[in-house]
Amino acid sequence: MSEQVNLVTVVIDEEEHQIELGDQETIMEGAERIGIDPPYSCQSGVCTTCKAKVVSGEVEMENNFGLGEDEIKEGYALTCIGRPKVAGTKIDWDDV
Ligand code: FES
């Protein structure tokens with residue numbers, strides 16, 4: 001099952017969760033659906049409140065306005081507009 005691209009692992013408050021995302025669902029939407037409570041505000045890629053560290057894999061973002069090139073290079077992603085791009089993607093909200 002680990003080959004599933006839409007299966008993302010998230011870490012928050014030192015707990016790890018696996019989320020199977022729906023078709024157009026973002027990591028943030030998936031997290032809310034399973035009842036965890038990540039930080040967010042604008043939900044549109046501007047404020048960077050939802051920023052997380054990409055621990056493994058890759059996150060693709062649609063309409064990123066908030067994150068600079070440097071932060072992307074350092075491995076951060078915005079989860080409100082982010083979806084896993086490859087299988088085995090893991091993000092960490094604690095590591096920001
Ligand atoms: S909640 Fe504002 S950038 Fe994601």
Side-chain angles (χ1 to χ4, degrees):
M1 293 302 267
S2 60
E3 293 306 300
Q4 267 180 276
V5 174
N6 66 331
L7 203 60
V8 63
T9 305
V10 304
V11 179
I12 188 162
D13 297 333
E14 291 171 28
E15 276 185 36
E16 204 170 293
H17 308 263
Q18 280 223 318
I19 310 171
E20 192 172 346
L21 297 175
D23 244 6
Q24 298 300 318
E25 203 171 34
T26 63
I27 298 171
M28 175 64 66
E29 287 164 347
E32 288 197 294
R33 176 167 51 77
I34 67 163
I36 59 178
D37 198 17
Y40 70 86
S41 178
C42 73
Q43 299 213 59
S44 55
V46 178
C47 72
T48 75
T49 309
C50 66
K51 185 169 94 165
K53 179 92 175 196
V54 183
V55 181
S56 63
E58 208 177 320
V59 171
E60 67 181 341
M61 291 179 283
E62 218 172 277
N63 302 321
N64 167 37
F65 299 112
L67 222 49
E69 284 297 319
D70 287 1
E71 286 170 298
I72 293 172
K73 274 201 198 105
E74 283 167 25
Y76 292 105
L78 298 177
T79 54
C80 73
I81 53 165
R83 294 179 42 81
K85 198 175 178 183
V86 296
T89 296
K90 178 175 177 177
I91 63 104
D92 190 340
W93 271 297
D94 296 341
D95 189 8
V96 287

With Glu16, which residues qualify under side chain to side chain donor-acceptor pair (under 3.5 Å), at least two apart? Lys90
Which pair of non-hydrogen atoms, one from Tyr76 and one from Leu67, has the smallest distance, and what is that distance? O-CD2, 3.5 Å
Can you get from Val59 to Val96 by hopping between Ile, Leu, Val, Met, Phe, Trp and Tyr side chains that sit under 4.5 Å apart? yes
Report the distance from atom CG of Leu21 to atom CZ of Arg33, rounding to the nearest 0.5 Å. 7.0 Å
When rounded to the nearest 0.5 angstrom, what is the spacing between NE2 in His17 and CD1 in Ile36? 4.5 Å
Say whether, by atom type as modelled, one donor and one acceptor occur between the side chain of Asn6 and the main chain of Glu20 under 3.5 angstrom. no
Could you tell me which non-hydrogen atom of Glu58 sits nearest to which non-hydrogen atom of Val86, and how far apart they are? N-CG2, 3.4 Å
Taking a hydrophobic cluster as the set of Ile, Leu, Val, Met, Phe, Trp and Tyr residues connected by side-chain heavy atoms closer than 4.5 Å, whether directly or through intermediates, do Ile72 and Ile91 fall within one such cluster? yes
Approximate separation, where rounding is to 0.5 Å, of Ile81 CD1 and Asn64 CG: 5.0 Å
Mind checking the CD-CD spacing from Gln24 to Glu62? Nearest 0.5 Å is all I need. 7.5 Å
What is the distance from atom CD1 of Ile19 to atom CG of Leu7, rounded to the nearest 0.5 Å? 9.0 Å
Side chains of residues 37-55: which donor-acceptor pairs under 3.5 Å do they make with residues two or more places apart or in other chains?
residue, atom, partner, partner atom, Å
Tyr40, OH, Glu32, OE2, 3.1
Lys51, NZ, Glu71, OE2, 3.1
Lys53, NZ, Glu74, O, 3.1

Contacts of Asp95 meeting side chain to side chain donor-acceptor pair (under 3.5 Å) (sequence neighbours excluded), chain-then-number -> none
With Met61 as reference, evaluate Thr79, Thr26, Leu78 under the side chain to side chain contact (heavy atoms under 4.5 Å, CB included) test and give the passing residue. Leu78
